[in-house]
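For clarity, every value in this text was computed on a predicted model and none was experimentally measured. Chain naming here is simple, since letters A, B, ... match the order of the sequence lines and numbering starts at 1 in each.
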Amino acid sequence: MKLSKKFYQSNDVVQISKDLLGKVLVTNFNNQLTSGIIVETEAYRAPDDKACHAYKNRKTERTKTMFEAGGIAYIYLCYGIHHLFNIVTSTEGNAHAVLIRAIEPIENVELMLKRRNFSTSKPQLTAGPGVLTKALGITTSNNGLDIMKKNSPIWVEDRGVEVPKNTMIASPRVGVGYAEECATWPWRFRIKNNRWTSNAK
DNA sequence: CACGGGATCGTCT
DNA sequence: GACGATCCCGTGT
C-alpha cells in the first residue's frame, strides 16, 4: 500500500503527477499521524523545463536533491516563508519532481487546525503548496528524506481511491511567468470539482 | 469578489 | 543585491 520504487522511478514525471491524484500523503511526527488525499499536483522536469529549478541540469547546493533517484523528498523555502514539498521521480541523474499543491484532509484534522491556527475546517486549511506542508508539519529539515523507507515520517499510500481520467483537469502551472513558453505547458493537475484544491487561475 | 501589497530569507548572480 | 514553483489581509465595489 505504500508506493514503492517502481512507482517513483518511472521516467514520465507528467504521468506520475496524474497518478498521484487520489493517493494519500501521510506524515507521522512525534507519533502524531496526519494525512490527506492528494488532489492537486504539478510536474517539473529538467533539463528542458524553464520553470524547473534544475533547468539545463543546473546543479547547485539546493538542486542536487532533484538529481537523486526517485522516491525522496525535495523541500525548499519559497518567499522566505513557505516550505514547498516535492517528490523526486525518475532515476539518478534525471532531475524530475512533482510538487504537491493541495490535499483533502483525512486523519487528525484537529492537529492540522492547530498547526494552522484555524478554529474550523475549510478548504484554505490545506489548499496550496505552502499551507498543506504547514498542516502536515513538513519543513525543509525533511529535505532529502527517503519516503519509501520503513519508519520514514513522510510517505504516500495507495488506499484504492479511484480517480477516473475524465475527472482529471490539466492546466498551466501557476507562479511561473518567468518560464516563458514553458509557462503554458499544461502540467498542473487537479481533481474536477474537488473543493480542496487551491484556486484556479 | 477582485485587486494590491507586505512578509521574510535562502539561493544564485 | 535581486528575486522567488506563496499566502494573507486590507481596501474598495
Side-chain angles (χ1 to χ4, degrees), chain A residues 8 13-18 20-21 25 36 38-68 70 72-90 94-105 112-145 147 154 156 169-190 195-201:
Chain A
Y8 296 118
V13 67
V14 173
Q15 184 62 47
I16 296 174
S17 300
K18 297 181 204 171
L20 278 170
L21 295 177
L25 177 59
I38 297 170
V39 294
E40 186 180 340
T41 61
E42 274 178 9
Y44 289 87
R45 187 184 70 192
D48 54 318
D49 174 11
K50 291 184 182 175
C52 180
H53 290 159
Y55 172 54
K56 286 184 176 168
N57 284 335
R58 195 168 44 131
K59 202 168 191 176
T60 66
E61 190 55 32
R62 177 176 66 156
T63 65
K64 65 180 187 187
T65 310
M66 290 184 77
F67 288 85
E68 293 186 40
I72 66 169
Y74 171 49
I75 306 164
Y76 68 94
L77 193 63
C78 187
Y79 293 96
I81 306 172
H82 306 291
H83 302 253
L84 267 53
F85 174 72
N86 301 248
I87 300 173
V88 174
T89 68
S90 190
N94 295 311
H96 300 181
V98 180
L99 171 66
I100 307 301
R101 293 196 53 90
I103 64 169
E104 174 177 338
M112 293 194 237
L113 289 171
K114 196 170 157 192
R115 284 173 174 153
R116 293 271 289 130
N117 298 318
F118 275 34
S119 51
T120 57
S121 183
K122 50 187 170 180
Q124 295 96 297
L125 181 65
T126 54
V131 299
L132 75 89
T133 54
K134 191 172 180 189
L136 293 175
I138 296 172
T139 70
T140 54
S141 69
N142 304 120
N143 185 44
L145 183 75
I147 66 169
I154 307 174
V156 182
I169 301 195
S171 61
R173 295 169 295 183
V174 266
V176 296
Y178 58 86
E180 303 172 3
E181 77 278 9
C182 305
T184 64
W185 294 358
W187 283 9
R188 180 191 197 188
F189 304 98
R190 63 173 70 227
R195 62 189 289 258
W196 298 93
T197 62
S198 58
N199 290 326
K201 276 261 166 75

*Asks:* In whole angstroms, how far is the C1' atom of C:dC8 from the NZ atom of A:K134?
*Replies:*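 In whole Å, C:dC8 C1' and A:K134 NZ are 11 Å from each other.
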*Asks:* In whole angstrom, give the distance that lies between atom CD of A:E42 and atom P of C:dT6.
*Replies:* 7 Å
*Asks:* What are the two closest heavy atoms between A:G144 and A:I72, and how far apart are they?
*Replies:* O-CB, 4.1 Å
*Asks:* Taking only the side-chain heavy atoms of A:H53 (C-beta and beyond), determine which of B:dC12, B:dC9, C:dA5 contains the nearest atom.
*Replies:* C:dA5
*Asks:* Return the pairing partner of B:dT8 with a 3.5 Å limit on both distances, Watson-Crick or G-U wobble; otherwise return none.
*Replies:* none
*Asks:* Can you check the A:N86 CG to C:dT6 P distance for me, whole Å?
*Replies:*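 Going from A:N86 (CG) to C:dT6 (P), I get 11 Å.
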*Asks:* Does A:R58 put a side-chain nitrogen or oxygen below 4.0 Å from OP1 or OP2 of B:dT13?
*Replies:*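 Answer yes for this pair, as a side-chain N or O of A:R58 is under 4.0 Å from OP1 or OP2.
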*Asks:* In whole angstroms, how far is the P atom of C:dC9 from the CZ atom of A:R116?
*Replies:* 9 Å
*Asks:* Between C:dA5 and B:dC3, how many Å separate the two P atoms, rounded to a whole number?
*Replies:*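 To the nearest whole Å, 22 Å.
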*Asks:* Students often get this wrong, so: under 4.0 angstrom with heavy atoms, is A:L84 touching a base, only sugar-phosphate, or nothing?
*Replies:*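 Result for A:L84 = sugar-phosphate.
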*Asks:* Under 3.5 Å, is there any donor-acceptor pair linking the side chain of A:H82 to the base of C:dA5?
*Replies:* no
*Asks:* Does the structure show a Watson-Crick or G-U wobble partner for B:dC1, both distances under 3.5 Å? Name it, or say none.
*Replies:* C:dG12
*Asks:* Do other residues, nucleotides or ligands put more than 12 heavy atoms under 6.0 Å from A:E61 CD?
*Replies:* no
*Asks:* Measure the distance from CD1 on A:I75 to P on C:dT6 and round it to the nearest whole Å.
*Replies:* 16 Å
*Asks:* Does A:R173 reach a base, just sugar-phosphate, or nothing at all? Heavy atoms under 4.0 Å.
*Replies:*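 Nothing, no heavy atom under 4.0 Å.
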*Asks:* Could you tell me whether the side chain of A:I75 reaches within less than 4.5 Å of the side chain of A:T139, counting heavy atoms only?
*Replies:* no
*Asks:* Can A:E104 and A:R195 be counted as an ion pair, charged N to O under 4.0 angstrom?
*Replies:*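 No, this pair does not count.
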*Asks:* Roughly how many Å is it from OH in A:Y79 to P in C:dT6, rounded to a whole number?
*Replies:* 5 Å
*Asks:* Give the rounded distance in Å between these two atoms: CD1 of A:I81 and P of C:dC8.
*Replies:*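 Checked: the CD1 to P distance equals 10 Å.
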*Asks:* Restricting to non-hydrogen atoms, name the atom on A:V39 and the atom on A:T197 that form the minimum distance, rounded to 0.1 Å.
*Replies:* O-CG2, 3.6 Å
*Asks:* For A:Y76 and B:dG10, give me the distance from atom OH to atom C1', rounded to whole Å.
*Replies:* 12 Å
*Asks:* If stacking means aromatic ring centre less than 5.5 angstrom from the base's six-membered ring centre, planes under 30°, is A:Y178 stacked on C:dG4?
*Replies:*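 Base of C:dG4: not stacked against A:Y178.
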